[in-house]
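Heads up: the structure comes next, in structure tokens.
Predicted, not measured: the structure shown is a model, and the values here were computed from it. Chain naming here is simple, since letters A, B, ... match the order of the sequence lines and numbering starts at 1 in each.
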Number of protein chains: 2
Amino acid sequence: MTKTPRFEPVQPIRAYQRIVEQVEDQLARGELTPGQRLPSERELVSQFAVSRSTVREALRVLESNGVVRSRAGDPNGPEVLPFSQVALRRQLVRLARVDELTLSELIGFRMIMDGAAIQVASRLRTPEQLDELEATLVAMRDAIDVDFDAFSLADLAFHELIARISRNTLIQTCNEVVRGVVLGLISDKIAHAPNSRALMLESLHHHAEVVDAIRDGNGHAAARIARQNMYDYYAGYVPDADQETLQALIED
Amino acid sequence: MTKTPRFEPVQPIRAYQRIVEQVEDQLARGELTPGQRLPSERELVSQFAVSRSTVREALRVLESNGVVRSRAGDPNGPEVLPFSQVALRRQLVRLARVDELTLSELIGFRMIMDGAAIQVASRLRTPEQLDELEATLVAMRDAIDVDFDAFSLADLAFHELIARISRNTLIQTCNEVVRGVVLGLISDKIAHAPNSRALMLESLHHHAEVVDAIRDGNGHAAARIARQNMYDYYAGYVPDADQETLQALIED
DNA sequence: AAGAATTTGTACGTATGTATT
DNA sequence: GAATACATACGTACAAATTCT
């Protein structure tokens, strides 16, 4: 059996796109690292053998993706930035704004990710890290008397610590990004809820239960409590139909 | 106590950035919907009262984010594209490629995500979806006799179906992206392994066990088997030190 | 079916404000 | 403070591509 040659339709690749690819490839390959500088626009013009406009279009794309930053008049050229979550977050927010991504999906994702991180953390945690966890609980308690933003910050520190203990930066980043997007969508409602203080106290209580389970090395229970906590905290903000799906995530 | 006025440092907002914002706002507000056309570049020049280069920089950014597509010579102007997760996916790939992620972290992430998706799927699956799952098993079996690429494709279909059943597109996207990055790193080694066929057969067997557990509604067991399967499949490619961490992910 | 009209893709030149030395 | 090199933005020009007549 001989193969019949099959061809794909070809769409032209723009000049600016080629430039973006080259820069991103060098970044992925480690030949270009954060802090380094790209050649100046004029230098890039001659290296890529294209016009200034083309170079600038490529730089704008890289810039809007958080890869580099150009500053007018800087003789050192565009700076290569360290990876940041802003671009990732922007895309998630974009999808959430146009309803391509529902709040329930975001919360479901967090229930799973945070639960998993806690389960792993309860295996891997050292005694020192357990102390750290308990310190964050104290910080959360203190923050309640300040305001919701302070509490939210303390809560963030808790989840960052969990993710760190689980020794997986990918989980860590995903958690933080999604957490930020969810909070951006509904933090106002929570902050101005009449029972805001009661909500914070209950959340603190749940966090303490999680730490207890981690101390006992009972990852299974810890994860379950964490998912339940998150459900209780957020379920009021999602449509009834989606609540069932989220409930399915709690059980095991 | 009177408040001392405090000011934040101001960073200039580029002209192209303003244009991007206006377009994305109209999109989020529904005043601009997929399929519609933007005015031509020259029209935009007069509407935004900026130069053509500036308009083009904005269009390139929107284009690279999957928001619009310009085609040379199209008198209708740039097309507004349907919402998609390609931009989100691109950022995730960047994260996974650039941010010095180890293979073990990627695999650990997959063990958690895929396990969670399977656990949820075993609760939410309909009888029809169960049939679909069994059909993918048959497809995987057939693919083994072709080559590793075919098997990999059938495996992808399996995991896509799982993610779809779990009704969370975010999990789906993350799974696919990370799976793609992992395969990009080591698919060569697997394809050319001397026991390649044996590996595929074993993987198929594990997948069948997962489907069995899903049929019984035993999400817990299904997830465990899935994580074990992935560990067995990939563990040989990570350093010994990291293998312990990954093993911690299997148990519960 | 072929050419005209319009639009995008790319290039180049210039003026102006800015950051560094 | 001055000199220099730079990015920002504007405008023009022409080639390539697409649509419509």
Side-chain angles (χ1 to χ4, degrees), chain A residues 7-24 26-27 32 34-82 87, chain B residues 7-24 26-27 32 34-81:
Chain A
F7 300 107
E8 299 287 327
V10 172
Q11 66 254 24
I13 301 179
R14 309 268 196 278
Y16 86 91
Q17 191 62 41
R18 293 284 182 82
I19 298 179
V20 171
E21 277 172 26
Q22 282 203 40
V23 173
E24 293 201 324
Q26 289 216 11
L27 241 145
L32 214 54
Q36 276 191 304
R37 300 308 189 103
L38 251 45
S40 74
E41 286 189 3
R42 287 170 179 78
E43 180 63 30
L44 290 171
V45 164
S46 73
Q47 285 201 28
F48 287 112
V50 295
S51 79
R52 185 97 186 273
S53 336
T54 304
V55 166
R56 302 195 90 247
E57 287 174 15
L59 284 177
R60 288 302 86 85
V61 169
L62 290 170
E63 183 167 277
S64 91
N65 283 348
V67 181
V68 303
R69 179 185 51 185
S70 307
R71 281 162 53 220
D74 189 338
N76 300 317
E79 182 183 359
V80 177
L81 299 176
Chain B
F7 299 107
E8 298 288 328
V10 173
Q11 65 255 21
I13 300 179
R14 310 266 199 280
Y16 85 91
Q17 192 61 41
R18 292 284 183 76
I19 298 179
V20 171
E21 278 172 25
Q22 283 203 40
V23 173
E24 293 203 324
Q26 290 215 10
L27 243 147
L32 214 54
Q36 276 192 301
R37 300 308 188 103
L38 252 44
S40 73
E41 287 189 3
R42 285 171 178 77
E43 182 62 31
L44 291 171
V45 164
S46 72
Q47 285 200 29
F48 287 113
V50 293
S51 78
R52 185 145 170 243
S53 332
T54 304
V55 166
R56 301 196 91 249
E57 289 173 17
L59 285 177
R60 289 302 85 85
V61 169
L62 290 169
E63 184 166 274
S64 90
N65 283 348
V67 179
V68 303
R69 178 184 51 184
S70 305
R71 282 165 50 221
D74 190 337
N76 302 316
E79 182 183 0
V80 178
L81 298 177

Between D:dA7 (P) and B:Gln17 (CD): distance, integer Å: 19 Å
B:Arg56 side chain, from C-beta outward: closest of D:dC6, D:dA9, C:dT10: C:dT10
Donor-acceptor contact present, side-chain A:Arg37 to main-chain A:Gly77, <3.5 Å: yes
Toward the 5' end of DNA chain D, by each residue's nearest nucleotide, B:Gly73 or B:Thr54: B:Thr54
Between C1' of C:dT7 and CG of B:Leu44, the distance in whole Å: 12 Å
Phosphate OP1/OP2 of D:dA7: any A:Arg42 side-chain N/O under 4.0 Å: yes
Main-chain N/O of B:Ser70 paired with B:Glu79 side-chain donor or acceptor, under 3.5 Å: no
Whole-Å distance separating the CD atom of A:Glu79 from the P atom of D:dA7: 14 Å
Between C1' of D:dA9 and CZ of B:Phe48, the distance in whole Å: 16 Å
Any-strand Watson-Crick or G-U partner of D:dG1, both distances under 3.5 Å: none
Option from A:Val67, A:Val23, A:Val68 for which side-chain contact (heavy atoms from CB on, under 4.5 Å) with A:Leu32 holds: A:Val23
d(CZ, B:Arg37; C1', C:dT7) in whole Å: 12 Å
Spacing of A:Arg18 atom CZ relative to C:dG9 atom C1', expressed in whole Å: 14 Å
Any A:Arg52 side-chain nitrogen or oxygen under 4.0 Å from OP1 or OP2 of C:dT14: no
Euclidean distance, atom OH of residue A:Tyr16 to atom C1' of C:dG9 [Å, nearest integer]: 11 Å
Polar side-chain contact B:Arg71-C:dG9 base: donor and acceptor under 3.5 Å: no
Pairwise 5' ranking along DNA chain C for A:Ala72 and A:Ala15, keeping only the more 5' one: A:Ala15
Sugar-phosphate, base or nothing in reach of A:Arg60, heavy atoms under 4.0 Å: sugar-phosphate
Side-chain H-bond candidate by donor/acceptor type, B:Glu21 with B:Tyr16, under 3.5 Å: no
Side chain of B:Val50 - closest among D:dA9, C:dT20, D:dC10: D:dC10
Phosphate contact (D:dC10 OP1 or OP2) by B:Ser51 side-chain N/O below 4.0 Å: yes
Side-chain (B:Glu41) to main-chain (B:Arg52) donor-acceptor, under 3.5 angstrom: no
Along DNA chain C (nearest heavy atom to each residue), the more 5'-positioned of A:Asn76 and B:Glu41: B:Glu41
Touch class at under 4.0 angstrom, heavy-atom based, for A:Ser40 against every strand present: sugar-phosphate
Value in whole Å for how far the P atom of D:dA5 lies from CD of A:Glu43: 14 Å
